[in-house]
2 protein chains.
Amino acid sequence: MTTPNDPGIDPLSIDFRTLRLLERVHSLRSFTRAADELGLTQSAVSYAIDKLRHVFGDPLFARQGRSIHPTARCDKIVEDTRHLIASYRQMAHPPAFDPATASGTFSIACNYYERALWLPGIVHALRARAPGITLNIVDAGGTGPQRLLDGEADLLIGPIDRDGPLLHSRPLYEETYACVMDPAHPAAREPLSLATYLHLDHVLVTYGGRWTSRYITVLAEMGHDLRVALRVPSPAGLESLVAGSDLVGTVPHRLSRVLGQSIHITACPVPTSITIHTAWTALNHRSAQHIWLRTLIHTLITQSA
Amino acid sequence: MTTPNDPGIDPLSIDFRTLRLLERVHSLRSFTRAADELGLTQSAVSYAIDKLRHVFGDPLFARQGRSIHPTARCDKIVEDTRHLIASYRQMAHPPAFDPATASGTFSIACNYYERALWLPGIVHALRARAPGITLNIVDAGGTGPQRLLDGEADLLIGPIDRDGPLLHSRPLYEETYACVMDPAHPAAREPLSLATYLHLDHVLVTYGGRWTSRYITVLAEMGHDLRVALRVPSPAGLESLVAGSDLVGTVPHRLSRVLGQSIHITACPVPTSITIHTAWTALNHRSAQHIWLRTLIHTLITQSA
DNA sequence: ACAATCCATCAAAAAATTCGATGCTATATA
DNA sequence: TATATAGCATCGAATTTTTTGATGGATTGT
């Protein structure tokens, strides 16, 4: 019938369906009934058992007149098989992510703007709902997507222009620019026109690296150039720079509102806006933890934005 | 790409070759190199991974420019997979039978003849080589194969005429019949002719049930009938029945030699012989323990027969 | 004896896998 | 900046595996 260690068949070519079939035949003591239960023909069951017979080098079942009797080896194989299938099922079924008991680290790349506006809310929610997760904030710098691709961050929050390759993203809200200045500034008396804006002396927030703010790009496309008196890498402390000076700063509108009470805020006359997104890579796209966290963050931000 | 819990594909349809493929891709960080190693094309590997992606609802690997990076879920799956494959391999590989440490029960069906001749040797060898195995001797009765088919015995030793269905057997040796009588018996003076044999008064061993000894069958076919003065169910004590009487007993030749010194033994004139076999069912045909035991018994008996 | 049950087997059909070739994207190089 | 290269995805064709439906052989129960 079969020789032990039959070289003609690779034991690894057995799949879990075939193992389940073996288990059912063993339990039901019948090829025919197992076939019915599994929605197959008796013939297919016979074929599958025959394959298993070659793989295990054992007859597995011997006919005893009208019924079949498993061999001792078959009993043992079936017992092992039950554990094997259970393990595999557990492996194939992703355990539902439970924030309350979850542990791990989650890295967010963003810049001063997002940290100032949204980080407190995120941290607060996370401590309450998923206290086991360590939050790691890295500076997005001028090139946010690179943080994701390099594996330094799991989620990027910021203005994404291109929906580049390998990058999933979801828009949060649209942001406009605002100008901040000393309340005593002459230009603070009425809404700012583009002409006036271009004649003022500016404090420019460069955001460190090679990033160029959208309003600068738009101005350049219009053929205009900003009179820059001071360049700073971050909006932090911008309030004290414009207070008591004639300098004007341009920052996202929502940010201007948290810079301090002592400054005058008015709409920026450059006709453009940016859209803030969350973004991540394919690596995390299906991760239960990541889905939960990015959804949480998306909800928090869009609800208060 | 893929939706979690994709209903279109049965997770159980994954086989162990595919899991090994996943493991290799994960280790080598390359579809192409895994394909080379497994003797497949990159295309086949891509197909297999795609199937796994649907089953697990996870991209498993994300392209990072020129190379690939596994997802966290993939790492975990691969780790589980290694255990799964190891367990399966152990299950598929029949553990070599080690007599010295083996335990269990082994049932032999046979009759007085085999017990008297061979059981001491079998017991002796088994105690020495496989002390953990319990030997269980059951009477074969008139219908030996039935003991096997009923599961009452693992091995039958005895004269098998038919190589019936579901029954494996291996011949041990050929046995002839001998006549035993009192040394003072008139017929003991010269070789026994068939004519003389038929005129003697016999003690017939019936072996209990419905069994008919071969020499009886042959005599009947020849149209002869035996003059039976006494019927006994077993050859045990036959010596004392023929000693000091005019009765003649017919038993297998080897058995006659262990009945006692005080009797005369001569060849039985009925022209026939029987062949002693070991026999077993398909249930035990591939069992390592059974193969070892029946080979041991076969060797013991043929070496001293 | 006779019908019924049940697994084995065979040829044909259906499904899954593999191959070879090509496409597409992201580096690396000139 | 353009080009070459490496590497996975995808497509149709070829191959292999699985399933089916029909049939055979053996055993049991009536």
Side-chain angles (χ1 to χ4, degrees), chain A residues 1-2 8-10 12-18 20-22 24-26 28-36 38-55 59-70 145-146 148-150 162-167 281-283, chain B residues 1-2 8-10 12-18 21-22 24-26 28-36 38-55 59-70 145-146 149-150 162-167 281-283:
Chain A
M1 181 192 299
T2 66
I9 188 158
D10 180 3
L12 294 181
S13 72
I14 296 297
D15 63 18
F16 289 94
R17 278 173 63 249
T18 306
R20 178 185 53 178
L21 181 149
L22 172 67
R24 294 320 295 145
V25 168
H26 184 270
L28 296 170
R29 290 286 191 278
S30 162
F31 286 32
T32 307
R33 284 196 294 280
D36 289 345
L38 296 170
L40 291 172
T41 60
Q42 170 267 317
S43 181
V45 172
S46 195
Y47 173 86
I49 294 291
D50 193 56
K51 192 174 162 185
L52 289 167
R53 282 172 167 154
H54 283 270
V55 165
L60 301 176
F61 300 97
R63 297 188 66 158
Q64 191 115 344
R66 162 159 308 185
S67 67
I68 56 176
H69 270 252
Q146 201 56 44
L148 294 176
L149 297 176
D150 291 349
R162 50 158 197 177
D163 189 58
L166 291 179
L167 220 58
T281 65
L283 218 53
Chain B
M1 180 192 298
T2 65
I9 188 159
D10 180 3
L12 294 181
S13 72
I14 296 298
D15 64 18
F16 289 94
R17 278 173 65 249
T18 306
L21 180 148
L22 172 68
R24 294 320 295 145
V25 169
H26 184 270
L28 296 171
R29 290 286 190 280
S30 162
F31 286 32
T32 308
R33 283 196 294 280
D36 289 344
L38 297 170
L40 291 171
T41 59
Q42 170 267 319
S43 178
V45 171
S46 195
Y47 173 86
I49 294 291
D50 192 57
K51 191 173 162 186
L52 289 166
R53 283 174 166 153
H54 284 271
V55 165
L60 300 175
F61 300 97
R63 297 188 66 159
Q64 193 114 340
R66 164 158 308 185
S67 65
I68 55 175
H69 271 251
Q146 201 55 44
L149 298 176
D150 291 350
R162 48 156 198 178
D163 190 58
L166 292 180
L167 221 56
T281 66
L283 216 53

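Residue numbering restarts at 1 for every chain, and letters A, B, ... go by the order of the sequence lines.
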Exercise for the section: Can you sort out the partners of B:T18 under side chain to side chain donor-acceptor pair (under 3.5 Å), two or more places apart, ordered by chain and number? Expected result: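 Counting only residues at least two positions away or on another chain, B:T18 forms a side chain to side chain donor-acceptor pair (under 3.5 Å) with B:D15.
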
Fill in the blank from the handout: Across all chains, not counting sequence neighbours, the side chain to side chain donor-acceptor pair (under 3.5 Å) partners of A:S43 are none

Roughly how many Å is it from [atom1] in [X] to [atom2] in [N], rounded to a whole number?
| X | N | atom1 | atom2 | result |
| --- | --- | --- | --- | --- |
| A:R29 | C:dC7 | CZ | C1' | 16 Å |
| A:I68 | C:dT5 | CD1 | P | 17 Å |
| A:L52 | C:dC7 | CG | P | 15 Å |
| A:R63 | D:dG24 | CZ | P | 16 Å |
| B:L167 | D:dT27 | CG | C1' | 15 Å |
| B:L38 | C:dC19 | CG | P | 11 Å |
| B:L21 | C:dT17 | CG | P | 12 Å |
| A:I49 | C:dA8 | CD1 | C1' | 13 Å |

Please round to the nearest 0.5 Å and tell me the distance separating atom [atom1] of [X] and atom [atom2] of [Y].
| X | Y | atom1 | atom2 | answer |
| --- | --- | --- | --- | --- |
| B:S46 | B:R53 | OG | CZ | 7.0 Å |
| B:L283 | A:H69 | CG | NE2 | 8.0 Å |
| A:T32 | A:L40 | OG1 | CG | 12.0 Å |

Exercise for the section: May I ask you to test the B:L38-B:R17 pair for a side-chain heavy-atom distance under 4.5 Å? Expected result: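 Sidechains of B:R17 and B:L38: no contact.
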
Exercise for the section: For A:S46, answer base if it contacts any base atom (sugar-phosphate contacts may also be present), sugar-phosphate if it contacts only those atoms, and nothing otherwise; contact means non-hydrogen atoms under 4.0 Å. Expected result: base

Exercise for the section: Heavy atoms only: give me the nearest B:S30-B:I68 pair and the separation to one decimal. Expected result: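 Heavy-atom minimum between the residues: N-CD1, 3.7 Å.
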
Completion exercise
Note: B:L28 and B:R33 closest approach over all heavy atoms is O-NH2, 2.8 Å

Can you check nucleotides 13-15 of chain C for protein contacts, nitrogen or oxygen pairs under 3.5 Å, and list what you find?
none

Problem - Aromatic ring pairing B:F61/B:F31, orientation class (parallel under 30°, perpendicular over 60°, tilted between) - result: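 B:F61 and B:F31: perpendicular rings.
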
Practice task
Go through the structure and list residues passing side chain to side chain contact (heavy atoms under 4.5 Å, CB included) with B:R66, not counting sequence neighbours.
Solution key: none

Practice task
Tell me whether the OP1 or OP2 atom of D:dC8 has a side-chain N or O from B:T32 closer than 4.0 Å.
Solution key: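 Result: yes.
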
Extract from the structure each pairing of a protein N or O with an N or O of nucleotides 27-29 of chain C at less than 3.5 Å, listing the distance.
none

Fill in the blank from the handout: Residues passing the ring pair (Phe, Tyr, Trp, His ring centres under 6.0 Å) test with B:F16, sequence neighbours excluded, are A:F16, B:Y88

Please write out the pairs of protein N or O atoms and N or O atoms of nucleotides 18-21 of chain D separated by less than 3.5 Å, giving the distance to one decimal.
from: D:dT18; atom 1: OP1; to: A:K51; atom 2: NZ; distance (Å): 2.6
from: D:dT18; atom 1: OP2; to: A:Y47; atom 2: OH; distance (Å): 2.7
from: D:dT18; atom 1: OP2; to: A:K51; atom 2: NZ; distance (Å): 3.4
from: D:dT19; atom 1: OP1; to: A:R17; atom 2: NH2; distance (Å): 2.7
from: D:dT20; atom 1: OP2; to: A:T41; atom 2: N; distance (Å): 2.8
from: D:dT20; atom 1: OP2; to: A:T41; atom 2: OG1; distance (Å): 2.9
from: D:dT20; atom 1: O4; to: A:S43; atom 2: OG; distance (Å): 3.4
from: D:dG21; atom 1: O6; to: A:S43; atom 2: OG; distance (Å): 2.7

